[in-house]
Amino acid sequence: MTTTGGVARTTTGPVRVVARGLGVRHPSRLAWALTGVDLVVEPGERVLLTGASGAGKSTLLSALAGILDAEGTEVAGELTIDGAPPRAARGRLGLLAQDPDSQLVMTRAGDDVAFGLENAGLPRERIWPRVDAALEAVGFPYGRDRPTQALSGGEKQRLVLAGALARDPGLLLLDEPTAQLDPPGAALVRGAVARATAHRRATVIVVDHDAGPWLPLVDRVVELTDGGLVEHGPGWRPADRTAGLRLPGAGDGPVLLAADAVGFTYRGARVPALPPTTALVTGGRALAVTGPNGTGKSTLALLLAGLRAPTTGRIEAAPELVAGVRRGYRAPHRWRAEELVTRIGTVFQNPEQQFLTGRLRDELALGPLRSGEHAAAARATADELLERLGLTAFAEANPYTLSGGQQRRLSVATALATSPRVLVLDEPTFGQDAATWREVVTLLAEQRARGCAVAVVTHDRDLVDVLADDRLRL
């Protein structure tokens, strides 16, 4: 055993990846998620995989991880890791998927990192030093005993990455590893990956829409397109998302939501998830909530959206927002679902948690139907949003078969479908390429221009720069 970058390692050796004419079609989908992929990654190489949202990047990583297990999945062509099928190499890989919640299996942080090592049969006396070193390497801010349910999305990302690094993988697959991290945390994660793979003992394939910071750390960049892969030269740079962007302006309207020293503490927790915080959400303006991971940004979003009651302080809605609410409740968490849906639109940090139907068109029509729209009007609203966000081709598809970036756009569309007066969005630009990023931002700016109050929780500096009128750093 050796030590590299603070993480104890046992040498397994980097793997060689070969794809020839690889294609993947998901169950119930007519179109192929991947077609004609030819790729060779030599042992120890570090490759950045780019491409439009929905191009199949996550599908390719899932194929490499050997987890395309859904019944009816069709695979064409050849895919091998060191000459064997990916399923045979599962013990040699580390994977960080787009949704870290899907990879958490234990209730304590340290146990979660140790899980893979225990399954690999590592002696107990060697497990815990590796766990501690991996947690330190990714900048996990707590000890082994931290409950996983008390972690923010970004903290969960770091924890899953620690578990992947601790296993000393021969193949490290990273799907948007910095998307939910604050800038210092993202830099720390990139540094941890660089140190852990400095001696080329692992082959690395990373997907990240924030591609620029990875360029000094990778050997080459390949782009996944409709026709396969395109190799980019050393001078390649990602597109500027804000280039040519022209957004409608903001206007001063009334304060629609006022948070007065609101806080939240989970039952049994010693430290509040959100300390007392004051915020104003104003019509015709956009409020950006920023700050390090774990400071309570997503918790504040849930409180503002009326989806959770504060344990301290209060949130009050303006009279024009309260009009029509039973008994005139000022606190949004006391409103019924049908009252909330027309007043406050919400995008969760994990979009798949809010899907309720089996088709995209039905998902987008659901809110308008609940709010009293006729079926024809609800369908027209759904079709318009599908077109605006590049999802028309998937109108009949199940939301759970979409890529992470497509799911994010669908969740934004569901929040917009009922034309609410307030929008509360948690990381609305997660997983977007330059074109879809501009469309999402433009849609939000249009809502602001019509007098909607917009509150966004985000680590996206470009989004803050182009959209935010007010800023709250936690």
Side-chain angles (χ1 to χ4, degrees), residues 1-10 12 90-169 172-175 177-182 184-197 201-202 264-275 291-299 349-350:
M1 181 173 67
T2 59
T3 302
T4 303
V7 179
R9 310 173 61 94
T10 55
T12 59
R90 278 183 176 180
R92 299 183 62 191
L93 68 88
L95 170 67
L96 172 58
Q98 265 191 359
D99 176 15
D101 280 295
S102 67
Q103 294 183 260
L104 295 175
V105 294
M106 307 297 285
T107 59
R108 291 194 323 150
D111 293 340
D112 203 82
V113 177
F115 182 77
L117 302 176
E118 290 170 341
N119 281 349
L122 202 69
R124 185 172 182 82
E125 64 272 14
R126 293 172 59 190
I127 289 177
W128 293 110
R130 273 203 196 197
V131 169
D132 292 339
L135 291 173
E136 181 181 358
V138 301
F140 188 72
Y142 313 107
R144 301 177 192 168
D145 294 332
R146 183 72 169 182
T148 53
Q149 68 175 11
L151 300 177
S152 70
E155 290 166 345
K156 290 174 182 176
Q157 267 187 311
R158 293 194 201 188
L159 183 62
V160 173
L161 178 59
L165 293 177
R167 296 184 64 187
D168 185 28
L172 185 59
L173 304 171
L174 305 174
D175 198 351
T178 65
Q180 297 188 52
L181 299 179
D182 56 79
L188 196 151
V189 162
R190 288 189 294 267
V193 172
R195 290 191 300 274
T197 61
R201 291 194 177 95
F264 185 84
T265 302
Y266 287 97
R267 184 175 299 175
R270 292 172 295 178
V271 178
L274 175 71
N293 293 111
T295 52
K297 301 183 298 298
S298 294
T299 301
Q349 190 175 52
N350 297 316

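Remark: Ala109 pairs with Phe140, Arg146, Leu159 by the side chain to side chain contact (heavy atoms under 4.5 Å, CB included) rule, at least two apart or across chains. Partners of Asp111 by side-chain hydrogen bond (donor to acceptor under 3.5 Å, both in side chains), not counting sequence neighbours, listed by chain and number: Arg108. In this structure Arg267 satisfies the side chain to side chain contact (heavy atoms under 4.5 Å, CB included) test with no other residue, sequence neighbours excluded. Applying the ring-ring contact (aromatic ring centres under 6.0 Å, His included) criterion to Phe115, with sequence neighbours excluded, gives no partner residue. Contacts of Thr265 classified as side chain to side chain contact (heavy atoms under 4.5 Å, CB included), with partners at least two apart in sequence or in another chain: Ala269, Pro272, Thr311. Looking at residues two or more places apart in sequence or on another chain, you find a side-chain hydrogen bond (donor to acceptor under 3.5 Å, both in side chains) between Lys156 and Asp101. Considering only residues two or more places apart in sequence or on other chains, Gln103 meets the side-chain hydrogen bond (donor to acceptor under 3.5 Å, both in side chains) condition with none of them. For Ser298, the side-chain hydrogen bond (donor to acceptor under 3.5 Å, both in side chains) partners at least two apart in sequence or on another chain are Gln349, Asp426. Residues forming a side chain to side chain contact (heavy atoms under 4.5 Å, CB included) with Leu188 (at least two apart in sequence, or on another chain): none.
Here the side chains of Leu117 and Val131 are in contact, with some heavy-atom distance below 4.5 Å. Contact check for Gln149 versus Thr107: no side-chain heavy atoms found under the 4.5 Å cut-off.
For residues 93-113, no residue pair satisfies the ring pair (Phe, Tyr, Trp, His ring centres under 6.0 Å) rule, not counting sequence neighbours. Screening residues 112-122 for salt bridge (Lys or Arg N to Asp or Glu O under 4.0 Å), with sequence neighbours left out, gives no hits.
For the residue pair Glu155/Tyr142, the side-chain donor-acceptor check at 3.5 Å is satisfied.
Checked options Asp99, Val160, Leu151; the residue passing with Leu104 is Val160 (criterion: side-chain contact (heavy atoms from CB on, under 4.5 Å)).
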